[in-house]
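Some notes on the structure that comes next.
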Amino acid sequence: MPELPEVETTRRGIEPYLTGETVVDLVVRQPKLRWPIPDDLLLKVKDQRIASVERRGKYLLLHFPAGAVMIHLGMSGSLYLVAAEQPAAYHDHVDLVLSSGRALRLTDPRRFGSVLWQDKGTSHALLAKLGPEPLSDSFNAIYLTQCCKARKQAIKQFIMDSHVVVGVGNIYANEVLFSAGIHPKRQAGKISVARLSILVEEIKKVLSRAIEQGGTTLKDFVGGDGKPGYFKQELQVYGRGDQPCTVCETTLKEIRLGQRSTVYCPECQR
DNA sequence: AAAGACACCTGGGAGC
DNA sequence: TGCTCCCAGGTGTCTT
């Protein structure tokens with residue numbers, strides 16, 4: 001489920017329970033995720049102290065003195081903290097057991113997630129080519145215009161490309177294009193600077209608002225049902241094909257773009 | 001170089 | 001009930 005706001009919400013939820021803790025064990029029940037979990041990961045983290053928990057794009061980075069554990073939640077992954085002795089359910093693939101007696105548990109039915117290692121001072125191939133963070137100043141109208149130049153790809157697929165900007169998944173791509181009044185199929189290179197500027201602002205606005213809401217509805221990452229407190233974003237278009245536009249009441253259109261469900265208002269988006 | 005198809009997985013819901 | 005088919009919040013890699 002995770003798009004960037006969910007990943008950031010997860011980061012904020014787990015960070016207080018991880019920072020400063022020492023790893024006492026790593027239990028891997030299913031090593032076959034998107035990429036195999038490295039055989040030597042236990043050796044890397046055992047008895048090591050977690051210095052900080054950061055996020056880069058949709059990757060969570062648990063920083064250790066010698067490097068970082070990189071966790072990606074894929075399509076269906078989630079993380080939560082449990083008592084280390086709590087029995088694992090079917091899709092609970094990995095436990096990072098902490099000196100506190102708790103474990104950071106990864107559950108991921110579809111196994112598109114990943115748990116990898118990046119040595120200190122190196123840049124993992126999966127992180128090296130990522131575009132800027134959407135909420136940073138380096139993601140701006142000038143940058144996006146430069147990227148879009150002469151590109152014929154549909155703008156929706158373009159902003160979902162993590163080499164252009166990280167963190168814009170299918171739901172938010174739909175929502176953000178609606179807010180910006182841009183048709184999802186419009187060629188990236190044929191959009192005016194003024195409209196790209198609006199798009200940049202909408203991306204920042206929608207994502208930061210979603211993160212805020214995630215923060216306010218944040219539940220227990222400890223115990224309970226283990227479900228992170230995913231926010232309830234009121235969606236304008238995603239999942240609303242054939243329903244009326246919230247602005248003009250025109251029937252929203254649903255198409256497929258790059259094998260992904262795409263919903264837009266034919267009246268509001270040009 | 002850029003764009004599109006395909007790949008990796010499981011589960012849930014629709015339709016028969 | 002049970003089967004088949006399609007869909008799902010990601011994204012790297014292969015093919016044109």
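Each chain gets a letter, A, B and so on, in the order its sequence line appears, and its residues count up from 1.
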Atom-to-atom span, CG of A/Leu73 to P of C/dG10 - whole angstrom: 11 Å
A/Lys156 and A/Thr262 side chains, donor-acceptor separation under 3.5 Å: yes
Selection from C/dG12, C/dA8, C/dG10 that lies nearest to any side-chain heavy atom of A/Glu3: C/dG10
Touch class at under 4.0 angstrom, heavy-atom based, for A/Leu126 against every strand present: sugar-phosphate
A/Tyr264: hydrophobic cluster co-members (side-chain, 4.5 Å): A/Ile255
Under the ring-ring contact (aromatic ring centres under 6.0 Å, His included) test, residues paired with A/Tyr143 that sit two or more places apart: none
DNA chain B-proximal residues of residues 106-125 of chain A, any heavy atom under 4.0 Å: A/Pro109, A/Arg110, A/Arg111, A/Phe112
Residue whose closest nucleotide on DNA chain B lies nearer the 5' end, A/Arg151 versus A/Arg260: A/Arg151
Test item: side-chain donor near acceptor, A/Thr22 and A/Gln48, under 3.5 Å: no
First encountered from the 5' end of DNA chain B, between A/Phe158 and A/Gln259: A/Phe158
Range on DNA chain B touched by chain A, heavy atoms, distance below 4.0 Å: B/dA2 to B/dG11
Contacts of A/Ser136 that satisfy side chain to side chain donor-acceptor pair (under 3.5 Å) - sequence neighbours left out: A/Ser138
Between P of C/dA8 and CD1 of A/Ile171, the distance in whole Å: 11 Å
Paired stretches of DNA chain C - 3 or more consecutive Watson-Crick or G-U pairs, each distance under 3.5 Å: B:2-8 with C:10-16, B:10-16 with C:2-8
